[in-house]
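So that the names make sense, note that chain A is the first sequence line, chain B the second, and so on, each numbered from 1. Because only heavy atoms are used, hydrogens play no part in the values below, and waters and symmetry mates are left out as well, while side chains stay in.
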Amino acid sequence: MRWSQYFINTLREVPADADVISQKLMMRAAMIRKVAAGIYTYLPLGLRSMQKLEAIVREEMGRAGAIELTMPTIQPSELWIESKRWQVYGKELLRVKDRHGREFCYAPTAEEVITDTVRDAINSYRSLPVNLYQIQTKFRDEVRPRFGLMRGREFVMKDAYSFHANRESLDEIYEKMRVAYGAIFNRCGLDHVAVDADTGNIGGSASHEFMVLAQSGEDAVVSCPNCSYGANVEKATSKFFGEPAAAQIEELAPIHTPGTQSIDDVGKFLGKPTSQLVKTLVFDTDKGCVMVLVRGDREGNEIKIKNYLSAEFLEMMPDARFESATGGPIGYCGPVGTKAPRVLADVSLKGLTNWVVGANKSDTHYTGANPGRDFQEPEYGDFTTVFAGDPCPRCATPLEIHRGIEVGHVFKLGTKYSAAMNCTFLDEKGAREPMIMGCYGLGIGRTVAAAVEQSHDDDGIIWPMPIAPFEVVVTQIGKEDNVRAAADDIYRQLRDAGIDAILDDRDERPGVKFKDADLIGFPLRIGIGAKSLAISQIEWSFRKDRAKQLGAAEEVVESVISEVRAARI
RNA sequence: CGGGGUGUGGCGCAGUCUGGUAGCGCACCUGCUUUGGGAGCAGGGGGUCGGAGGUUCGAAUCCUCUCGCCCCGACCA
């Protein structure tokens, strides 16, 4: 490709509304252009990177036995009503009506359509399993789109769906997909981890997230530096040893604690560390009001609580209903004499005696509260979020917490959709069973953006070779005829060798060309100017360190070709 | 959804308080000089000042409504 005939409009200044590095750099490098909040044009350079990633994804999907198809982005409401998600999904689902007033949605994912497709086509266990995927544009009407391609509303995602006659078959394909995902991210040169994850909205049993580690990541990932344990903080657990019981069991005693609504205030007032106090959280759920007790220095984890209760809906109890639901004022609520019908306690409290808790009376706490004696023994469980330094649940090594960008997510769905949508098959005995499903998502744009987050410097992007828009830029320095001819010749040689090269033949000063090349981040650059040509030499360098090497043209071409081939994997 | 901010040429901004008919840098075009890390000089083109309505002799500026975009918050008992 000749730069002068291509479509690259780099920006010297950062657009004011860019908020993360990948977005700033990709906008400046003319890879993406914002059209509306969370909606982008993929400019030619950006599209090339996406297409390169897509090619890798297709290869690995093929290797895992998945078969490509394409489903519509606009889907009829009937299918979504059938799966109940039309009602459940909420405002993230963009709903539209056609001219006849029929309702459709712009698909955020495609379980309904694929299930509908497979139930029509497959009736026998003999035809199972199947694993189908597409690479398709999706739309989720996010409350607050931000971070460029990392959290857009319209985005490109690879989504695969597998259908099985039994659990073992699901386990087998699930494992193949996990391996494929690891291979994809490895090939892109991304530093990533696979972690246990919550299944969230999609539903199902097992689930793993693939996280690219980066400072700007939206998710926190817990990992063990010793064993292979890794999990999303939403889900991570730690090995809690519990507290030794106090030697002396105290009597329940009210104390006057004015103006101490927060745990920190209570701790300061009583001169005790918050780890020796009990924090009371109250939730409103579809299963009723639930009180959750956690150690004062821990944080309640709504997802764990929600999962434990099998609740569909859970939120902090609104202030307006707080007193009537618990019988105590906000800030002074506790388990002793509460009206809350159900009381849970985090495992961190197990064995702890002589609790300090709210007394359900203004400006009053109790000391010496003991479960079983002063109030009903609560249901114990893991209801708090893991902190860095907590012991690993497998090997007790202190856990680490890193920021990560979720680029892939695989689920064992089970029969949630197949049962709801009557996607069944006949087994060996002629019995009709719902198919068992798995689903596997991978964000294309997000992965490309994650690569930029992970690999850049002050001057621009440093692309990993496999997803660089071009592998090599040939920079023509100066416009003398011999320079032009030499640059052209080198470019042709590379192209003939199947290298993805771009020739910077613009009538620009050298500095401009160097700056643009660094900004866009081509992994390799060959520079051809009058100076070095005079001694029959040309130069080449890697973007990552920019150390220039000189050599005869044939040698340089040879070196560059072999470097590119080696880096392609 | 709540709070805050902002909207002026392709990009970044000033001008708004104190109304007088739009300006700077980058980019773009022409010429000359330059030419190994975003050149210099000279000249030039491009903007219904987000939109609608109002006040006024006169509105980017004041008032009302509206739309877009950005930020912060929505684990606190």
Among residues 506-514 of chain A, which ones have heavy-atom contacts with RNA chain B below 4.0 Å? A/Arg509, A/Pro510, A/Gly511, A/Val512, A/Phe514
Paired with B/G68 by Watson-Crick or G-U wobble geometry, both distances under 3.5 Å: which nucleotide is it? B/U6
Which of these nucleotides, B/C75, B/G38, B/G37, is closest to any side-chain atom of A/Glu302? B/C75
May I ask which nucleotide in the shown strands pairs with B/A14, Watson-Crick or G-U wobble, both distances under 3.5 Å? none
Rounded to whole angstrom units, what separation is found between the CZ atom of A/Phe147 and the P atom of B/C69? 17 Å
Side-chain donor-acceptor pair present, A/Thr10, A/Asp516, cut-off under 3.5 Å: yes
pair_partner(B/C1), Watson-Crick or wobble, both distances < 3.5 Å, evaluates to B/G73
Given that A/Arg546 and A/Arg146 both sit by RNA chain B, which one's nearest nucleotide is further toward the 5' end? A/Arg546
How close or far is atom C1' of B/G36 from atom CD of A/Glu539, stated in whole angstroms? 8 Å
Counting any heavy atom closer than 4.0 Å, what does A/Gly529 reach on the DNA or RNA strands: base, sugar-phosphate only, or nothing? base
May I ask which nucleotide in the shown strands pairs with B/G19, Watson-Crick or G-U wobble, both distances under 3.5 Å? none
In whole Å, I'd like the distance from the CZ atom of A/Arg144 to the P atom of B/G73. 7 Å
Please report the distance, rounded to the nearest Å, between CD in A/Glu92 and P in B/C1. 15 Å
Under 4.0 Å between any heavy atoms, over every strand shown, what does A/Lys548 touch: base, sugar-phosphate, or nothing? Just pick one. base
Separation of atom CZ in A/Arg28 from atom C1' in B/C26, rounded to whole Å: 12 Å
In Watson-Crick or G-U wobble terms, with both distances under 3.5 Å, the base opposite B/A27 is none
Assign a letter to each nucleotide of nucleotides 4-16 of chain B from its 5' end: B, base within under 4.0 Å of a protein heavy atom; S, sugar-phosphate only; -, no contact. -------BSS---
Distance-only donor-acceptor check, side chains A/Asn354 and A/Asn370, under 3.5 Å: yes
Whole-Å distance separating the CG atom of A/Asp504 from the P atom of B/G36: 15 Å
Please say whether the positively charged group of A/Arg48, taken as NZ for Lys or CZ for Arg, lies over the ring of A/Phe470, i.e. under 6.0 angstrom from the six-membered ring centre and within 45 degrees of the axis. yes
Atom pair distance, as rounded to whole Å: CD in A/Glu299 and P in B/C75: 11 Å
Between B/G19 and B/A59, how far apart are the C1' atoms? Round to whole Å, please. 6 Å
G-U wobble or Watson-Crick pairing nucleotide for B/U35 (cut-off 3.5 Å, both distances): none
Tell me what A/Asp19 touches on the nucleic acid: a base, only sugar-phosphate, or nothing, going by heavy atoms under 4.0 Å. sugar-phosphate
Nearest-Å distance for atom pair CZ/P, residues A/Arg484 and B/U35: 17 Å
When you measure from the side chain of A/Lys279, which nucleotide among B/G37, B/A77, B/G36 comes out closest? B/A77
Between A/Ile477 and A/Thr385, which is nearer to the 5' end of RNA chain B once each is assigned its nearest nucleotide? A/Ile477
